[in-house]
Amino acid sequence: MGATSNELDFNKLDFGVFLPVANGGWVISTAEPRPDGSYALNREAAVLAEELGLDFIMSMAKWKGYGGETNHWGTSLESMTMMAALAEATSRVKVFATVHTLLYHPAVAAKMFSTLDQISGGRIGMNVVSGSYAGEFRQMGTWPEHLDHDARYDLAREWIQVVKRLWSEERVTHKGDYFRLEDCESSPKPLQKPRPPIICAGASEKGMGFTIEEGDACFIGGRDLEELAKVSARAKEMAAERGKTIKTYSMFGVLPGDSEDEVQRRLQSYRDGADLEAIKGLLRSYGLEPDGRENSMQARARNVFMNEMLTGDAESIARQIRHIMETTGLDGMMLTFADYIGDLRYFGEKVLPLLRAAK
């Protein structure tokens, strides 16, 4: 069930930017502008996001691209290193870095995020990824072939519990199924008390249960707004059953224009430049080969856009966002942009004030 408009305070809903840490951003096309995945672009976008009043910035962790003419996501910056620099470049916005539980020992991650929290002055957040795509890890010899989906969440649960102990206890001895620590020390502790916020994307009952029990917010998705509303409601229902609360967020793209002709020209330009081989690489990374059937992700990918796009002028985009938030019960949106400077500035200067003023 969604909320009604008079129940929502858009000043308390979170709007953040999913930074273009990898080349091509979230549009699989040769059309310009194409984010190059450079630090210079990410820094400019992060500083701009803060200036415009957005609430958080986040970067993914990516280790292998999708090929094709554009080598989409073949070039990417490492999340925690980059967010350390962006924490220094900003002063207010929340800074979320991504960590893979399969790649980093919990003692290493605990110290890295304590360091990030100190650099940011208590603004760091942890985005925990328990699995991701097998091909990215197999190339490094780090994919645990013996662990299934549920077991990877069991590992992630033990991992995050060890991290939390290292953030709060002077010494930790732990003998678990996946990790062993003997009188392990980790100082300094994070500045934030009781700890930095933790967010995770989880669609399955197992994944959602992990996020609710160990984290603070959950990234969710759905084929349409009805499904998104059901998933959001289910997450909050599961949290209530556990005596907790959870925030839900979802990702949307923004492609604005002051006229419908301008928007359609931009959309068609990206579609005309579709990198079909990179799109096939994306589908293969999900284990999806063309079989005559399409789910929502495949349909969007074939349309070059990797997430649902909000298009139109400022009033139209603000209206779409209000409808989404009122219908789904989401607590915030993570936004991507076709043009990470022009479109982000348009959103911050023209759309966000309309949302913040909503009553």
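Computation of the quantities below employed the complete heavy-atom set of this structure, encompassing side-chain atoms and omitting hydrogens, waters and symmetry-equivalent molecules.
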Looking just at side-chain N and O atoms, do [X] and [Y] make a donor-acceptor pair shorter than 3.5 Å?
X      : Y      : result
Asp36  : Ser38  : yes
Asn307 : Thr336 : yes
Glu260 : Gln264 : yes

His323 atom NE2: more than 12 heavy-atom contacts under 6.0 Å: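 It does not: His323 NE2 has 12 such atoms or fewer within range.
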
Greater than 12 external heavy atoms within 6.0 Å of Lys12's NZ: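 Result for NZ/Lys12: open.
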
Shared hydrophobic cluster for Val47 and Leu52 (ILVMFWY, side-chain gaps under 4.5 Å):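 They do not share one cluster, since no chain of ILVMFWY contacts under 4.5 Å joins Val47 to Leu52.
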
SB check Asp154 Lys206 (cutoff 4.0 Å):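 Here Asp154 pairs with Lys206 in a salt bridge, since their nearest N and O are under 4.0 Å apart.
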
Glu262 with Arg266: basic N within carboxylate O range, under 4.0 Å: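 No, no charged N to carboxylate O under 4.0 Å.
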
Within the distance-only criterion (no hydrogens, no angle test), does the side chain of [X] pair as donor or acceptor with the backbone N or O of [Y] below 3.5 angstrom?
X      : Y      : result
Trp167 : Ala110 : yes
Ser269 : Arg265 : no
Thr211 : Gly215 : no

Verdict with reasoning, Glu349 to Arg345, per salt bridge (charged side-chain N to carboxylate O under 4.0 Å, His left out): CA-CA 6 Å; Glu349 292 180 350; Arg345 184 176 295 281; 3.2 Å; yes

Tyr249 and Phe56 aromatic ring geometry - parallel, tilted or perpendicular at 30°/60° bounds: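 If you compare the ring of Phe56 with that of Tyr249, the planes turn out perpendicular.
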
Aromatic plane relationship, His100 with Phe137 - under 30° parallel, 30 to 60° tilted, over 60° perpendicular: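 If you compare the ring of Phe137 with that of His100, the planes turn out perpendicular.
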
Option among Arg195, Lys244, Lys247 that satisfies the salt bridge (charged side-chain N to carboxylate O under 4.0 Å, His left out) test with Asp216: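 Among Arg195, Lys244, Lys247, the one meeting salt bridge (charged side-chain N to carboxylate O under 4.0 Å, His left out) with Asp216 is Arg195.
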
Ring center gap for Trp73 and Trp63 short of 6.0 angstrom: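 No, the ring of Trp73 stays outside the 6.0 Å limit from the ring of Trp63, centre to centre.
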
Check: His174 ring centroid to Phe179 ring centroid under 6.0 Å: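 His174 vs Phe179: aromatic centres not under 6.0 Å.
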
Residues Arg234, Glu241; criterion salt bridge (charged side-chain N to carboxylate O under 4.0 Å, His left out); working and verdict: CA-CA 10 Å; Arg234 177 58 181 151; Glu241 290 169 354; 3.7 Å; yes

Just list the side-chain donor-acceptor pairs under 3.5 Å for residues 84-96, sequence neighbours left out, or say none.
residue: Thr90; atom: OG1; partner: Leu86; partner atom: O; Å: 2.8
residue: Thr90; atom: OG1; partner: Arg123; partner atom: NH1; Å: 3.0
residue: Ser91; atom: OG; partner: Glu50; partner atom: OE2; Å: 3.4
residue: Arg92; atom: NH1; partner: Leu54; partner atom: O; Å: 3.2
residue: Arg92; atom: NH2; partner: Glu50; partner atom: O; Å: 3.2
residue: Arg92; atom: NH2; partner: Leu54; partner atom: O; Å: 2.6
residue: Lys94; atom: NZ; partner: Gln192; partner atom: OE1; Å: 2.7

Tyr66/Asp275 under side chain to side chain donor-acceptor pair (under 3.5 Å): CA gap, chis, key distance, verdict: CA-CA 10 Å; Tyr66 300 130; Asp275 186 345; over 6 Å; no

Side chain proximity check, Phe219 to Thr248, heavy atoms < 4.5 angstrom: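 No - every pair of side-chain heavy atoms lies 4.5 Å or more apart.
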
Side-chain heavy atoms of Arg157 within contact of Glu214, under 4.5 Å: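 Yes, close enough: below the 4.5 Å cut-off.
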
Closest non-hydrogen atom pair between Ala278 and Ile28, with its separation: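 Distance-wise, the nearest heavy atoms are CB-CG2, 3.6 Å.
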
